[in-house]
Amino acid sequence: MDPLTIAAGQAACVPLDVAANAATAADLVRRAEGAAVLVLPELFLTGYDLGAVRSHALSPGDPRLEPLSKACAETGTALVVGAPVVADGRAHISALVFDRSGALAGRYDKQCATPTERAAGVAPGARGCTIEVDGWRLGLGICADTGFPGHAHAAALDGCHAYVVGALFSPGTSATRRATQLPARALDNTIYTVLANHVGAAGSLVGCGGSAIWNPDGTLLIDAGAADPGVAIGRLDPEVLAAARADHPVLAESTAAPEPGRYSIAV
């Protein structure tokens, strides 16, 4: 594989104004000049409002998505952007995937919906999702998915070279999870991790920014900090990936991992 340039974007979004947020997303696509893929935060097109997941759901052919298709086609950049979706009567927190020609190629539904999200009527997704770009396999995740090590590990076992996540991590303990879970998922699986996080108010919550990319050894490659708008652009290098996997062969030796059964010793 050749190196892949990937970007994680962040910007303030307007609550429940899909058209305004789509225009912001299109601007971020253009700011990510030279990137093969741009990832944007969870529910970026509406802001994080669980009461509006069903009422503001987006579907293929929605004219408000046209600016995204146009920006992708003009720049040759694929896009992963958070949006609410209703499919088969079930509401989902999803990531819409636009290919480099601007076509809506598919979506991923958040698998690890939180108890609060499920109580609000959000259904967990049924399966994981891998996208392929220029020979690179990118496993998709959304926010709370990163708190379950098995989610990223399933992507790695599917041959993914990077774990790509849109999220809403807030200041405080949520920011601590952002700073620990993403590098941990990278190191655990020797994969790049890419995070697009909200910055500032995003509906009912506030994002702490820090959209970033981590190397497959868990070290930070680039961080957008508190920039609004901000784009973290990084180069995924197959030689760096291969070196990390040679030094820490957790995937090659995953069959040698200890069985989960345990025994106790009284002392």
Side-chain angles (χ1 to χ4, degrees), residues 1-14 18-45 64-83 95-108 131-143 160-169 178 182 191-200 202 207 209-215 220-238 240:
M1 298 182 298
D2 291 326
L4 183 80
T5 301
I6 192 167
Q10 60 187 36
C13 65
V14 182
V18 174
N21 297 328
T24 299
D27 176 66
L28 288 167
V29 171
R30 295 183 174 95
R31 287 175 181 269
E33 183 178 1
V37 184
L38 169 69
V39 57
L40 293 178
E42 177 181 27
L43 291 177
F44 186 77
L45 294 181
R64 294 173 296 180
L65 298 176
E66 182 58 29
L68 304 181
S69 296
K70 183 179 179 182
C72 291
E74 288 176 354
T75 61
T77 298
L79 173 66
V80 180
V81 58
L96 304 181
V97 180
F98 292 81
D99 68 18
R100 299 171 82 170
S101 74
L104 183 58
R107 75 173 199 273
Y108 163 69
I131 63 174
E132 297 187 22
V133 184
D134 296 344
W136 287 79
R137 292 175 63 80
L138 314 177
L140 300 187
I142 299 176
C143 203
C160 287
H161 308 104
Y163 184 50
V164 177
V165 178
L168 202 170
F169 290 106
R178 169 213 165 269
L182 274 299
I191 54 177
Y192 284 97
T193 55
V194 181
L195 170 70
N197 191 40
H198 279 277
V199 61
S211 297
I213 302 170
W214 287 265
N215 291 305
L220 182 66
L221 177 61
I222 188 168
D223 189 327
D228 178 10
V231 181
I233 302 177
R235 181 176 181 267
L236 310 190
D237 189 324
V240 171

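Note that this is a predicted model, so its numbers are computed, not measured.
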May I ask you to decide if [Y]'s main-chain N or O and [X]'s side chain share a donor-acceptor pair within less than 3.5 Å?
X      : Y      : value
Asn197 : Phe169 : yes
Gln10  : Ala227 : yes
Trp136 : Asp2   : yes
Arg107 : Leu96  : no
Glu42  : Cys143 : no
Tyr108 : Val97  : no
Arg31  : Val231 : no
Thr193 : Leu182 : yes

At their closest point, which heavy atom of [X] faces which heavy atom of [Y], and how far apart are they?
X      : Y      : answer
Leu45  : Ala83  : CD1-CB, 4.0 Å
Ser211 : Ala232 : O-CB, 3.7 Å
Leu195 : Ala167 : CD1-CB, 3.6 Å
Ala26  : Pro67  : CB-O, 3.7 Å
Cys160 : Gly139 : SG-N, 3.4 Å
Cys72  : Ala78  : SG-C, 4.5 Å

Pro229 and Leu28, any side-chain heavy atoms less than 4.5 Å apart: yes
How many angstroms lie between [atom1] in [X] and [atom2] in [Y], if you round to the nearest 0.5 Å?
X      : Y      : atom1 : atom2 : answer
Asp237 : Tyr192 : CG    : OH    : 5.0 Å
Thr5   : Ile233 : OG1   : CD1   : 8.0 Å
Leu138 : Tyr163 : CG    : OH    : 13.0 Å
Leu4   : Arg235 : CG    : CZ    : 10.0 Å
Leu220 : Trp214 : CG    : CH2   : 6.5 Å
Ile131 : Arg137 : CD1   : CZ    : 10.5 Å

Side chain to side chain contact (heavy atoms under 4.5 Å, CB included) partners for Ala202, two or more places apart: Cys13, Leu168, His198
Stepwise side-chain contact (heavy atoms from CB on, under 4.5 Å) check, Leu79 with Leu40: CA-CA 8 Å; Leu79 173 66; Leu40 293 178; 3.8 Å; yes
Candidate list Leu236, Asp99, Val133, test side chain to side chain contact (heavy atoms under 4.5 Å, CB included), partner Val37, passing option: Val133
Residue pairs passing the side-chain hydrogen bond (donor to acceptor under 3.5 Å, both in side chains) test where at least one lies in residues 224-233, sequence neighbours excluded: none
Residues in side-chain hydrogen bond (donor to acceptor under 3.5 Å, both in side chains) contact with Glu74, at least two apart in sequence or another chain: Arg30
